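Structure record follows, encoded as structure tokens.
All figures in this text were calculated on a predicted structure; none of them were measured in a lab. Every chain is numbered from 1 and lettered A, B, ... according to where its sequence line falls, protein lines coming before strand lines. Values below: every heavy atom of this structure, side chains too, minus hydrogens, waters and symmetry copies.
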Amino acid sequence: MSAKKRGLQTVYFLNPPALVSWASFVGPKEGEGPWGDSFDVKLDNYLLGKKTWEQAESKLLQDTVTMAMSKKGWSIDEAEVLLAGDLLNQTASANFAARLLKIPFLGLYGACSTMAESLILGAMLLDGGFYQRVIAATSSHHFSAERQFRFAVEQGVQRTPSAQWTATASGAAVLEAGSPGPKITAATIGKIADMGQTDANNMGAAMAPAAADTIKMHLKDMELAPDYYDLIITGDLGSVGAALLRQFFARDGLVPPPNYSDCGILLYDEKQDVHAGASGCGCSAAMLCGPLLAKMQRGEINKLLFVGTGALMSPTTMFQGESIPGIAHAVAIENI
Amino acid sequence: MNMPQNEELQQAEAAEYESLVKQVNPKPTYIKNSLWAFVIGGLICMTGQIITNNLIKSGMEVKAAGSITSVTLIFLAALFTGLGLYDELAKRAGAGTIVPITGFANAIVASAMEFKREGYIFGVGAKIFAVAGPTLVFGFVISVIIGLIKVIAG
């Protein structure tokens, strides 16, 4: 086995890359949520001065990446490669952001697990010795996602209680080899889990089995106790998915149960009429690159397991009767 | 293990998970939703009835009054959709706002507004009936069937 591999699915970084700078942008609704003040920028409108939702999302991602670099006084071309993705077809937002950023670009799609995916691949590129400084970023926009996956903005529909609200949010993190800062120490690449869920209004249920499997495999591969991490946080399972995941923890015999929470539950206030919570690539990206990494910097959290969760839903195959495949990737971030 | 057994196991696991999901899933607030649908749907229909009655009182034929009532309700629904109010109402009233003719108008106007950014041909033109299309198709099918029944049954 490779010196950097642990168990079946986990990679272990011999020279753990550091998160040296990060930035997060959120939309107006997300800004009103309980963590509103922990993000770098709270937008006051959804269009960002653009004509379409797609252009707005692209600008959102571009601005977040630029800010993550400028916080350290770096210009954008001082990053060697950008790993980014979003929810739109052909990852349009990331492509158009990269068009203007003009740095080498690897586009990724992992639905809402994309932030974890980009962090893992970025960390591998650094530990592999290919690069010195890379950026991992993702975005989502409520209205660009709605029109692609669900309904027109003004269409009158009643959402089911298990439905989640795609967040308008974006997060970007700059990773460096051998610098001070919270380190990415290990990562577990998840398998697709599909338990036959077909309800597009219940993404949490589609993703929970994948999250359970990845967390279980991570702890097993790394030979860690379930309570090793100060916090295990999933991307966007929402209240339904998180409740299901807790059931899986019990089934898989994870005792003592992990200190667990979910970005999708945290992003909004219960009063904000979002039903089961937040979803979207930007939800976990902004929560990580906003409150969570700030807490790590302050030493309030020292061991974090960030588990990006994605429902790989295709509207085409869904109408053809296919179920929704779920995926989850885990990134261990530690102050060492 | 051969393939059929494997598939059976998967199906059993999926069924077990499905029942767990059902347990965890929050139930919709059926009574509250029904009351909202009844009141708002009722108010929309009552508005229509008031318009019809007034038109008939002012000497219009019943058939013409009905047509004008439909057109008026469609206009009002389109207006409220454009003002961004119809979806706020529908969020609570559900079928009460979707089933009446106003729901049909909302589906068309909302699609037209949403896809205007792709232009008048590939956007508005191509997508305007994206939601309302099935209603039209099956409306036509049913009207043909009813027409045939009328012809056959005399």
_Any non-hydrogen side-chain atom of B:Met113 less than 4.5 Å from a side-chain atom of A:Val153?_
no
_More than 12 heavy atoms from other groups under 6.0 Å of CD1 on B:Ile31_ = no
*chain B contact via A:Thr52 - which portion, at a heavy-atom distance below 4.5 Å*: both
*Is atom CZ of B:Phe80 surrounded by more than 12 heavy atoms (other residues, nucleotides or ligands) closer than 6.0 Å?*
no
*Hey, which residues of residues 315-329 of chain A are touching chain B, say heavy atoms under 4.5 Å apart?*
none
*Contact origin within B:Thr81 toward chain A - heavy atom pairs under 4.5 Å*: both
*Which bit of A:Asn202 is near chain B, if near means a heavy-atom gap under 4.5 Å: side chain, backbone, both or neither?*
side chain
_Heavy-atom closest contact (B:Asn106 atom, A:Gly156 atom, distance)_ = OD1-N, 2.8 Å
*asked:* Counting neighbours of NZ on B:Lys150 that are heavy atoms of other residues, nucleotides or ligands and sit closer than 6.0 Å, is the number greater than 12?
replied: no
*Let me know if A:Val157 has heavy atoms under 4.5 Å from chain B in its side chain, its backbone, both or neither.*
backbone
*So which pairs with a foot in residues 73-101 of chain B pass salt bridge (Lys or Arg N to Asp or Glu O under 4.0 Å), sequence neighbours left out?*
A:Asp273-B:Lys91, B:Glu88-B:Lys91
*Using non-hydrogen atoms only, which part of A:Gln247 is less than 4.5 Å away from chain B: side chain, backbone, both, or neither?*
side chain
*Report the option among A:Leu244, A:Thr160, A:Asp199, A:Asp194 that has the most heavy-atom pairs separated by less than 4.5 Å from atoms of chain B.*
A:Leu244
*Is the CG atom of B:Leu83 crowded by more than 12 outside heavy atoms at less than 6.0 Å?*
yes
*Mind listing the closest non-hydrogen atom pair of A:Glu154 and B:Gly84 along with its distance?*
OE1-CA, 3.2 Å
*asked:* Looking only at heavy atoms and a cut-off of under 4.5 Å, which of B:Ile98, B:Ile108, B:Val131 has the most pairs with chain A?
replied: B:Val131
_Separation of B:Glu118 CD from A:Glu54 CD (nearest 0.5 Å)_ = 6.5 Å
_Non-hydrogen atoms of B:Ala110 and A:Ala152 that approach each other most closely_ = O-CB, 3.6 Å
*Do you know which of B:Gln10, B:Gln11, B:Arg117 has the most heavy-atom pairs under 4.5 Å to chain A?*
B:Arg117
*Does some side-chain heavy atom of A:Phe143 sit less than 4.5 Å from a side-chain heavy atom of B:Glu114?*
no
*Heavy-atom proximity to chain A below 4.5 Å, by part of B:Lys127*: neither
*Side-chain contact test, heavy atoms from C-beta onward, threshold under 4.5 Å: evaluate it for B:Pro26 versus A:Val240 and give yes or no.*
yes
*Just give me the residue among A:Gly241, A:Gly204, A:Pro209, A:Ala208 that pairs up with chain B most often, heavy atom to heavy atom, under 4.5 Å.*
A:Pro209
_chain A neighbours within residues 14-23 of chain B, where any heavy atom lies under 4.5 Å away_ = B:Ala14, B:Tyr17, B:Glu18, B:Leu20, B:Val21
_Residues forming a salt bridge (charged side-chain N to carboxylate O under 4.0 Å, His left out) with A:Lys42, sequence neighbours excluded_ = A:Asp37
